[in-house]
Structure formats: C-alpha cells, structure tokens
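I have placed the structure first, in the form of structure tokens, so that the comments after it can refer back to it.
If you read the sequence from its start, that first residue is 1, and numbering goes on from there.
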Amino acid sequence: MPPDTRIEIYFANVDLMLLRPSYSGLVIRRGDDEECQKVGLDYGVEVKPGRLYVLGSGLTSFVVAAPPQWHEDEGEMDDPSWFGPLRGTF
C-alpha cells in the first residue's frame, strides 16, 4: 500500500479567495473570460485574464491570484510547509 501523502498548493499575490475547509479530490483550472467577469462583478474586484483559478466545478470555490505552485510529500497536516515559513504562521 502506498504511503499517505499531502499536497500543498501555494497561491501568491492573492486578491480574493473563496475556499472550503477540505476537499475529497481537487481539480484546479483557469477560469474563462465569462467566469472572470462574473467574479469581478459579484465581488467588486478586478479579475484580469489568467488570474482566476477555479477549484472543482462552478464558481463555488476559487482563487484570484498568480499561477499556483504545488508540492506533494509524506508530511503530516501540521508539518511545516515545503514553501517555507508563510507570513502570519508559526
């Protein structure tokens, strides 16, 4: 049996995010022009093309940010981030 792993996803320069506390599986895709416009109108922020990342289907979970980076390891949830100390964390 393979070891349990965690996947860290890092978004830099976040302007807005709407996330759930956990996901049973995750697909991240770039939002299309229509989705960028809708998020901008609904939340009163400018969403430039290529900066909206939709998590799952629909606009129930998304991040407006720079392109994400990711890392998978065998760490525990409370282990330090592979991306280093993050501002506002211990």
Side-chain angles (χ1 to χ4, degrees):
M1 178 176 213
D4 289 335
T5 61
R6 68 176 180 169
I7 298 175
E8 293 184 82
I9 302 168
Y10 174 71
F11 290 93
N13 301 315
V14 174
D15 292 326
L16 177 69
M17 63 181 170
L18 179 63
L19 301 174
R20 295 191 302 263
S22 65
Y23 299 85
S24 60
L26 188 61
V27 172
I28 300 174
R29 65 173 177 81
R30 265 203 184 127
D32 62 27
D33 291 344
E34 185 178 312
E35 290 168 321
C36 289
Q37 184 177 26
K38 179 166 178 36
V39 167
L41 291 172
D42 289 353
Y43 295 94
V45 297
E46 180 182 4
V47 182
K48 294 179 182 174
R51 288 192 46 91
L52 174 64
Y53 295 90
V54 179
L55 287 67
S57 60
L59 288 175
T60 59
S61 191
F62 62 84
V63 181
V64 178
Q69 300 175 48
W70 67 275
H71 175 77
E72 183 174 7
D73 62 32
E74 294 178 19
E76 299 293 327
M77 290 297 292
D78 293 335
D79 287 350
S81 172
W82 183 85
F83 295 103
L86 301 175
R87 193 172 349 143
T89 64
F90 298 101

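The CD atom of Glu35 sits 11.5 Å away from atom CG of Asp42, with the distance rounded to the nearest 0.5 Å. Rounding to the nearest 0.5 Å gives a distance of 9.0 Å between CG of Asp15 and CD of Glu46. How far CG of Asp32 is from NZ of Lys38: 12.0 Å, rounded to the nearest 0.5 Å. Remark: Glu72 CD to Ile9 CD1 distance equals 10.5 Å, nearest 0.5 Å. Atom CD of Glu8 sits about 11.0 Å away from atom CD of Gln69, to the nearest 0.5 Å. With values rounded to the nearest 0.5 angstrom, Tyr43 atom OH is found 5.0 Å from Leu18 atom CG.
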(Q) Could you walk me through whether Phe11 and Met17 satisfy the side chain to side chain contact (heavy atoms under 4.5 Å, CB included) test, starting with their C-alpha distance in whole Å, then the side-chain angles of each, then the deciding distance to 0.1 Å, before giving a yes or no? (A) CA-CA 10 Å; Phe11 290 93; Met17 63 181 170; over 6 Å; no
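Between Asp79 and Asp73 the shortest side-chain heavy-atom distance does not fall below 4.5 Å. Within the 4.5 Å cutoff, the side chain of Arg20 has heavy atoms near those of the Thr60 side chain.
Put simply, Tyr23 and Val14 are part of the same group of oily side chains (I, L, V, M, F, W, Y) that touch within less than 4.5 Å, one to the next. Following chains of ILVMFWY side-chain contacts shorter than 4.5 Å, one can reach Leu26 starting from Ile7, so the two form part of one hydrophobic cluster.
For the residue pair Ser81/Tyr10, the side-chain donor-acceptor check at 3.5 Å is not satisfied. One side chain, Arg30 or Tyr53, offers a donor N or O that lies under 3.5 Å from an acceptor on the other.
Heavy atoms only, all atoms of each residue included: Val54 and Gly31 are closest at CG2-CA, 4.0 Å. Annotation for Cys36 and Pro49: closest pair SG-CA, 4.4 Å, computed over non-hydrogen atoms.
Partner Leu16 forms a side-chain contact (heavy atoms from CB on, under 4.5 Å) with one of Val47, Val64, Leu52 and no other, that one being Val64.
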